[in-house]
Amino acid sequence: MDRIKLDYSKVLPFVGEQEIAVQREKATKALKGLEDGTCKGRDFLGWLDLPVCITDDELNRISACAGKLREQTDVVVIVGIGGSYLGAKAVIEAMSSSFDACSGMKVVFAGNNVSEDYLYELQAFLKDKKFGICVISKSGTTTEPAVAFRLLKDQLIEQEGLAVARERIVAITDEKKGALRTMADREGYETFVIPDNVGGRYSVLTPVGLLPVAIAGFDVRALVKGAVDMRMYEKGNGAELSATYAAVRNTLYEKGYVIEITVNFNPKLHYVAEWWKQLYGESEGKENKGIFPASVDFTTDLHSMGQYIQEGRRILFETVLSIDKTKYWLQVPHDVHDFDKLNYLAGKRIDEVNKMAELGTQLAHVDGGVPNIRIIIPELTEYYLGQLFYFYELACGISGGILGVNTFDQPGVEAYKNNMFMLLGKPGYEKK
Ligand SMILES: O=P(O)(O)OC[C@H]1O[C@](O)(CO)[C@@H](O)[C@@H]1O
């Protein structure tokens, strides 16, 4: 099997190899802190060896549960927010056909917002459908998924009766604590556990990511294998890829490039970037520090954000997720009239046009003062997504270590929650 690659040659017009080497040394120290378990947030390092530790029994249980839901239902609603849905959404969007339901099974998401219209429309869509619910919350107390789950559970009971509803609900949560654990135990739902030492945004390789992906009909074993191979490669090579990426982005940050834009040239990667934004934003954005993670879909956003990136404030760098080989083959057709003057492209692959757009964009943006990193993904498969997830997770752990923050907490997220609870009159929040 091939491996994802990193190309930072188009960063070198902006920073010297020597400057990167300084950050690379810091990266080596940060990596040691992770591997020794001496870094800040050391109670949350379970993800480091997670892919290697997943047993065959666990994978079989995940497959069996997914198989049962696929048999019994036409639609499964994945209820969760942040790390409790983004990894699964990223894989499912990347692997699904852009127009069909994935492998005959429709997987939809809820609990990642509190929009009344969204929930109303979802309930209308589920009316008279055979549906199931996979509810995911590590804490078991997050408001958005809790509200959605209450509505959907009631609807399921109303449509199917209590006994069938219990059969069609699966909960993924803490082993012992939280409201969801209490409810699942009391109602007798099938449950899967999110390990204590794995934070939400690092949980894609636990049942949190794996079960929804299996329900959608995709290959979780290949996903895990990709992560295992990346873990083994990085372990044997001083985290060559992850530490280098972490060092390069921190070198840029020190030079005033405070915004990293993750770029794709394939809309299927949109949610990979969303997953990455949570991973890096929640991990690094604290103590008034951290690179701001942003993302764009090209070429779509070249026609909107392209102007700013080319000529706006020079505080941006780009990391392009570049897919080497497409899944399909499609050529630009020849036209006898050539009214649109496109015959110069006739016979060329659509992907060649896309690749030239990618190269042309890189040249233009580098010329315009935007450093460019490329992550080259051989093909868009579960296996390479597994590699990519592990690479990004390890690089994030290292990068947070270089920055000197606790990569694994997210104290800032509480501020909005406290205000919302106070405004809604939640008992215990009146005085706040
Ligand atoms: O799985 P939970 O506990 O519902 O949390 C969901 C998300 O909310 C956060 O805790 C932030 O509020 C994220 O870190 C997490 O991924």
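When a ligand or atom number is given, it counts from 1 through the structure's own listing order.
- In summary, Lys255 and Glu19 engage in a salt bridge, as defined by a charged side-chain N under 4.0 Å from a carboxylate O.
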Any protein N/O atoms within less than 3.5 Å of an N/O atom in ligand 1? List the atom names and distances, or say none.
{"from": "ligand 1", "atom 1": "1 (O)", "to": "Ser84", "atom 2": "OG", "distance (Å)": "2.6"}
{"from": "ligand 1", "atom 1": "1 (O)", "to": "Lys138", "atom 2": "N", "distance (Å)": "2.7"}
{"from": "ligand 1", "atom 1": "3 (O)", "to": "Lys138", "atom 2": "N", "distance (Å)": "3.4"}
{"from": "ligand 1", "atom 1": "3 (O)", "to": "Ser139", "atom 2": "N", "distance (Å)": "2.7"}
{"from": "ligand 1", "atom 1": "3 (O)", "to": "Ser139", "atom 2": "OG", "distance (Å)": "2.6"}
{"from": "ligand 1", "atom 1": "3 (O)", "to": "Thr142", "atom 2": "OG1", "distance (Å)": "3.4"}
{"from": "ligand 1", "atom 1": "4 (O)", "to": "Ser137", "atom 2": "OG", "distance (Å)": "2.6"}
{"from": "ligand 1", "atom 1": "4 (O)", "to": "Thr142", "atom 2": "OG1", "distance (Å)": "2.5"}
{"from": "ligand 1", "atom 1": "12 (O)", "to": "Lys417", "atom 2": "NZ", "distance (Å)": "2.8"}
{"from": "ligand 1", "atom 1": "14 (O)", "to": "Glu282", "atom 2": "OE1", "distance (Å)": "2.9"}
{"from": "ligand 1", "atom 1": "14 (O)", "to": "Glu282", "atom 2": "OE2", "distance (Å)": "3.2"}
{"from": "ligand 1", "atom 1": "16 (O)", "to": "Gly83", "atom 2": "N", "distance (Å)": "2.8"}
{"from": "ligand 1", "atom 1": "16 (O)", "to": "Gln278", "atom 2": "NE2", "distance (Å)": "3.0"}

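- Comment: Arg150 does not engage Asp154 in a salt bridge, judged by the lack of any side-chain N to carboxylate O separation of less than 4.0 angstrom.
- Side-chain rings of Phe265 and Phe298 approach one another, their centers coming within less than 6.0 Å.
- Counting non-hydrogen atoms of other residues, nucleotides and ligands closer than 6.0 Å to CD of Glu187 gives a total above 12.
- Partners of Glu274 by side chain to side chain contact (heavy atoms under 4.5 Å, CB included), not counting sequence neighbours, listed by chain and number: Leu86, His270, Tyr271, Lys277, Ser295.
- Ion pair Arg249/Glu318 not flagged as a salt bridge, since none of the NZ, NE, NH1 or NH2 atoms sits closer than 4.0 Å to an Asp/Glu carboxylate oxygen.
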